[in-house]
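Below, all heavy atoms of this structure are taken into account, side chains as well, without hydrogens, waters or symmetry copies. Within every chain, numbering begins at 1; the chains are lettered A, B, ... in the order of the sequence lines, protein sequences first and strands thereafter.
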There are 2 protein chains.
Amino acid sequence: MLSSDLVSGPTRAPTLADVATEAGVSLSTASHAFSGTKPVSAATRERVLAAAASLGWTGPNPLARNLRRGRSGVVGIAVGRLSTAFRDPAALAMLDAVSEVLDAAGLGLLLMPDDAEVGLPLDAVIYDICGRETWGAYADLVARDVPLVVVEGPAWPGTTFIDIDHRAGAAALGRHLHDLGHRRVATLTLEASHPQREREAGLREVFPEVEVIGACASDVAAAQETVGSWWDGGSSATAVVCQSDVQAAGVVVEARRRGLDVPGDLSVAGFDGVVLPWLDVELTTVVQPLADKGRATARAVLARIAGEDVEDVVLPVRLRTGGSTGPA
Amino acid sequence: MLSSDLVSGPTRAPTLADVATEAGVSLSTASHAFSGTKPVSAATRERVLAAAASLGWTGPNPLARNLRRGRSGVVGIAVGRLSTAFRDPAALAMLDAVSEVLDAAGLGLLLMPDDAEVGLPLDAVIYDICGRETWGAYADLVARDVPLVVVEGPAWPGTTFIDIDHRAGAAALGRHLHDLGHRRVATLTLEASHPQREREAGLREVFPEVEVIGACASDVAAAQETVGSWWDGGSSATAVVCQSDVQAAGVVVEARRRGLDVPGDLSVAGFDGVVLPWLDVELTTVVQPLADKGRATARAVLARIAGEDVEDVVLPVRLRTGGSTGPA
DNA sequence: CGTTTCGATCGAAACGTTTCGATGCTATCG
DNA sequence: CGATAGCATCGAAACGTTTCGATCGAAACG
């Protein structure tokens, strides 16, 4: 009872309509047999499944389903250049959590290099700030009414925010150093951005006169270079506060290269609370709940897609003292 | 001449049909005015564009366009758990190149956690082996006739392969160590996989009796632990050959922690040729053209999508000697 | 001036689903 | 026994494009 063309040419892939015909039921019944949206008698379902198998039908065409449903099942995540965005383990940890939640909800995660034209159907977009401030696609996405979730970002209208308490974390770190007797403190910053501004404000609650070494990406080599040329310029401090553990690691490496002992001659603090197995000192750092942040982000995405109202989230951080800071 | 409902309820987003009506042209003409598929008089185009602007039409609905075209514009890339897959800079460098080429072609890159059910419309899928051998979605994708490009993978029917010359690289590395006088050589491996088997074969061309320390992921901590317990078990060698620079870095770190000098007491070699700024010794390694590999992969994807025949690719590697290896 | 060619426009047919509403039909209830 | 409910099934209408083929003038040609 196979369908006609055994001598077929470039066989068109079978559609649900073909399956329905083969099974001798209507298109809608065939659909229900698969989706389970409406009840179908066992016998009929059997027949439909058999027809599908015999025709080699591989399930509903996702393109058609998407159009019908008005959903693509894909969430975009805007990152800068991939290799720089994910070089920091903190970004990865968060991405991991996002992916896990989205995956469980049957959604895919699409990497959006920063300035990509978005000709793709996205159900929502996550914008993970990494020291960036502008976003080429923002206006376009707003115009298209795509739900937007911004992580650690500036206040853009129409977006949901997921953030951490940068200021409190930085302030706690400042107090820790102050308690240790440090007075000449310098800081290595990220590019101007919301998290950077908040953290600097927190640090200045304790050290109003903190010196800015310079700004660089969250990258070991970049941090080495930036702090290195600062030292080369004759500057110094008893403690350096960084904006990521990766930066801090760069400062530690560079300090040692120059014969400085950490924490004997120099205290170094980071931010994030990631694990850097290759660094033989445990960094004093502000631990942020990366997995929670990722999950909160993903949950916000799901809620926004579902059309629910979503409240912004600010997650707490905590200070973890390690061996990279000591008495001044 | 604005359309009717100024007091509209939950306004349905305007469609191209609305634009056409507003502009007083047919649907097909409106479509042509945007896509440029067929010539349209300047005056008409003007009118259509104006109508689109006045209605706030944001361009063709990607879902509908995709269904019509039979393309989704999305390419999947199968990775394991994201955080482990991208912890190695080598994976990132390659991903970066893939993304760049795909992006230029207007395609998006979707991260596929390994065992995800693929209910999404993918134009093609990249399977980047990272010591993995099986692939849950493989059968499904083949059944759906999705073009598959496998990087460094086993020979699966119907897929295009992008590979590097593992064996020659490993053999060159072996000869280098042999020339330095090493005879007691051990190797840290990846999980059993095509690249691992090839590399081990290459190494055995020079050291048939090479001892296997153990298998672990390309991760500093994992490498430290694996080689550490091997040493703890009383084993030793004058040189350790690793399957990635990250593994090699782990071995270097662990060796030093135990008071071994590299390369004085122990030579360590890696694979990949990535930059690890925090490691103060330049690794002897097999440099693989990561960006080329990524570009070749992306080009293969594009060609397969276009329905062209694509030949498998094997890229050459070269030995780079650094300060991590020395006389036995 | 009759014929051909070409450019601009239009109508209609896909693309392959999901889902709304309607239609019988068989049990259930009072 | 008539009214009501519930189940299985069906037909048809979306979803919003792109594109094929046809039509209609006007310009170009001999």
Side-chain angles (χ1 to χ4, degrees), chain A residues 10-49 51-52 55-73 106 119-123 144-146, chain B residues 10-49 51-52 55-73 106 119-123 144-146:
Chain A
T11 37
R12 181 180 56 82
T15 76
L16 184 54
D18 298 330
V19 173
T21 306
E22 178 82 8
V25 300
S26 79
L27 176 56
S28 51
T29 301
S31 176
H32 291 137
F34 282 97
S35 66
T37 316
K38 275 192 176 182
V40 164
S41 80
T44 306
R45 169 179 293 107
E46 197 81 4
R47 212 143 26 92
V48 173
L49 293 178
L55 290 181
W57 186 69
T58 50
N61 178 323
L63 260 35
R65 191 222 308 251
N66 285 350
L67 172 59
R68 181 59 233 235
R69 292 224 183 123
R71 294 264 164 78
S72 69
L120 301 173
L122 298 174
D123 289 349
R144 282 171 42 195
D145 229 17
V146 178
Chain B
T11 36
R12 183 179 55 83
T15 75
L16 184 54
D18 298 329
V19 173
T21 306
E22 178 82 9
V25 299
S26 78
L27 176 57
S28 50
T29 302
S31 175
H32 291 137
F34 281 99
S35 67
T37 316
K38 274 192 175 182
V40 164
S41 80
T44 306
R45 168 179 291 108
E46 196 83 5
R47 213 142 27 92
V48 173
L49 292 178
L55 291 181
W57 187 70
T58 50
N61 178 322
L63 260 36
R65 194 223 306 254
N66 285 350
L67 172 59
R68 181 60 232 230
R69 292 221 182 128
R71 294 264 164 78
S72 69
L120 301 172
L122 299 174
D123 289 348
R144 283 171 43 196
D145 229 17
V146 178

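When the P atom of C:dT18 is taken as reference, atom CZ of A:R71 falls 15 Å away, rounded to whole Å. For the pair B:F34 CZ and D:dG16 C1', the interatomic distance rounds to 14 Å; values are reported in whole Å. Straight-line distance from the CG atom of A:N66 to the P atom of D:dT17: 15 Å, rounded to whole Å. The CG atom of A:D18 sits 10 Å away from the C1' atom of C:dG16 (whole-angstrom rounding). Rounding to whole angstrom units, CZ of residue A:R65 and C1' of C:dC15 are separated by 16 Å. Atom CG of A:L63 is separated from atom P of C:dC15 by 13 Å (rounded to the nearest Å). Following rounding to the nearest Å, B:N61 (CG) and D:dA14 (C1') show an atom-to-atom distance of 14 Å.
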Dot-bracket assigned to DNA chain D with the 3.5 Å Watson-Crick/G-U criterion, [ ] for crossing and | for other-strand pairs, is ||||||||||||||||||||||||||||||

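Counting all heavy atoms, side chain and backbone alike, B:T37 lies closest to B:S35 at OG1-OG, 2.6 Å. In terms of heavy-atom proximity, A:S72 sits nearest to A:P121 at OG-O, 2.6 Å. Scanning both residues, B:A23 and B:R47, for their nearest heavy atoms gives O-NH1, 2.7 Å. Considering all non-hydrogen atoms of both residues, B:E22 and B:A51 come closest at CG-CB, 3.6 Å.
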What string of B, S and - do you get for nucleotides 19-24 of chain D, 5' to 3', when a contact is any protein heavy atom under 4.0 Å?
B-BB--

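A:F34 has its side chain within reach of A:V48: a pair of non-hydrogen atoms, C-beta onward, lies under 4.5 Å apart. The side-chain heavy atoms of A:P62 and B:R144, taken from C-beta on, include a pair separated by under 4.5 Å. Side-chain contact between A:N66 and B:L67 is absent, with no heavy-atom pair separated by less than 4.5 Å.
A donor-acceptor contact shorter than 3.5 Å is absent between the side chain of A:S31 and the backbone of A:L27.
The side chain of A:S41 approaches D:dT9 more closely than any other nucleotide in the set C:dC15, C:dT17, D:dT9. The listed nucleotides are D:dC10, D:dG16, C:dT18; the one nearest the side chain of B:T15 is D:dG16.
Annotation: the span from A:D123 atom CG to A:R69 atom CZ amounts to 11.0 Å, rounded to 0.5 Å.
Residue whose closest nucleotide on DNA chain C sits further toward the 5' end, between B:P39 and A:P60: B:P39.
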